Amino acid sequence: AEAIKGSLGWHIGGWVILFLIVTYFALKEEREKTKNLYYPLFFVCIFEFLLTISDSAGMDLFAFRSEIKRSLYFGYYATIGNCNWYVGYLSLFVPLFVCLYVGEEKKGLRLFYYFASISGIIASVLNGADGIYLAYGVCSFFLIPFLFDSLERIKRSSILLFSMDILFLFIRSLSLFKERLFRLNGFGVILFDLRMIVILFVLSLILFICSIKADEKKYQDNKRKFIGLIELCLMMAAVFVLYKEIILSDGNFGNGRSEIWLVSFERYRRDYSLFRKLFGIGPELSEYVYVPLTEKYNAIYDSSHSEAIQMLLTMGLFGLLSWLACWSAIFVSYFKSNKKKNRIIVGLYCGMFAYFGQRFVNSATILNLSVLLAFVLVFSQYEDPIKLNAGKVVSVTFKR
């Protein structure tokens, strides 16, 4: 019963999994009728982002924290809750909004997506959970070729970067955010450092000037080399950060996650029978696994804080392989895709890739799985070939 309900984990039990599967098959045949239902969801996203920003300013507009200790005030945001749960939500939507903004031709919609993008970026930083940087780091390898596909897209990206930088400076100077910034730790602190603000300003200025002064034809001739150089630099930065955070850390990587992971593997190796190693102990029953930690720290441990490890413990080796197979299929489909210039397709891919990145340091929640399902349903609307003319979408054929 507990496995079905998921009552001993983060509440992603067999019942929820079954419901999501049924929902997918119920809606996937009505793609043309349901596609407009996602626009209200975008307004809800912006509401969540703005509420997060106001929460960071200490406003608590709807008194959601009336029963939460002041010391835990900045651990919960908007209507979503825990900052780690929020990472999955942000990782799905923010890359999508960025792609929609950069690739949108209509000015009104572009302004809407710009506002959604910038509010989502600010909410991501103020949320304070470092998992979001892992998410954006993974998706950036797929996002950069899209953002640097043309000089016009570079110009729009530079405007977004400049806006983000100015808002960091603005937030830094406001007394409303003083406590939030004082309690902020991890990579977020770096972004509000005055030196980083200056660096981002110079970078945005260089990109903007280059985008309006450079020749489009020459840029297109050398685009691949330029993008390759950027991704090489990004790869080197990623290796450095991982080396610094994991190899040179004090052994308590991820706010205690390393200890949880070590206990997870030890319990799996030592205490699991062959049957449980293959099939696990049941969806979301990880509280049983972490009894030693619960007794040691006198606190409830019910999550692996890593979806891959959670799958291994609760669904076994077969569950983990199934999980990897699903994600491998998504990555393979991206590399085979001929739709990498389409803002919707790339936005959906980047959102899913960002979500994949943060999954290694966070477990799933019902909210994020529901949003991920929404992404899959939208993605299925665009599964037919898209006719392109000079890089612009001129028509989309929906598969009936």
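The structure presented is a predicted model; accordingly, all values stated were derived computationally and were not measured.
Side-chain atoms of Arg257 never come within 3.5 Å of backbone atoms of Ser306 as a donor-acceptor pair (strictly under, hydrogens ignored). Proximity of a side-chain donor or acceptor of Ser337 to a complementary backbone N or O of Ser333 within less than 3.5 Å is not detected. At least one donor-acceptor pair closer than 3.5 Å links the side chain of Asp165 to the backbone N or O of Phe201. Side-chain atoms of Asn368 come within 3.5 Å of backbone N or O of Tyr89 as a donor-acceptor pair. When atom types are taken as modelled, the side chain of Tyr113 and the backbone of Cys99 share no donor-acceptor pair closer than 3.5 angstrom. Looking only at distances, a side-chain donor or acceptor of Ser273 sits under 3.5 Å from a matching main-chain atom of Arg276. Lys340 places a side-chain N or O within donor-acceptor distance of the main-chain N or O of Tyr334, the cut-off being under 3.5 Å.
Shown here is Phe43, whose CZ atom has no more than 12 heavy atoms of other residues, nucleotides or ligands within 6.0 Å. Heavy-atom contacts from other residues, nucleotides or ligands closer than 6.0 Å to CD1 of Ile300 number 12 or fewer. Counted within 6.0 Å of CZ on Arg195, heavy atoms from surrounding residues, nucleotides or ligands total 12 or fewer; the atom is thus considered open. Residue Met235 qualifies as open at atom CE: its count of foreign heavy atoms under 6.0 Å is 12 or below.
Taking the ring centre of Tyr76 as origin, the terminal cationic atom of Arg65 falls outside the region bounded by 6.0 Å and 45° from the ring axis.
The pair Glu2-Lys5 does not count as a salt bridge, with every side-chain nitrogen at least 4.0 angstrom from each carboxylate oxygen. A salt bridge does not link Lys217 with Asp215: none of the charged nitrogens is closer than 4.0 Å to a carboxylate oxygen.
The hydrophobic cluster containing Leu205 does not contain Leu167, counting ILVMFWY residues as joined when their side-chain heavy atoms lie under 4.5 angstrom apart, directly or transitively.
The hydrophobic cluster around Val332 extends to none of the other residues, as no ILVMFWY side-chain heavy atom falls under 4.5 Å of it.
The aromatic rings of Phe97 and Phe49 sit perpendicular to each other, their planes meeting at more than 60°, with 30° as the lower class boundary.
A donor-acceptor pair shorter than 3.5 Å cannot be found between the side chains of Thr314 and Glu284.
Every pair passing side chain to side chain donor-acceptor pair (under 3.5 Å) that includes a residue from residues 135-146 is listed here, sequence neighbours excluded: Ser124-Tyr136.
Closest heavy-atom contact between Ser91 and Gln358: OG-CG, 3.8 Å.
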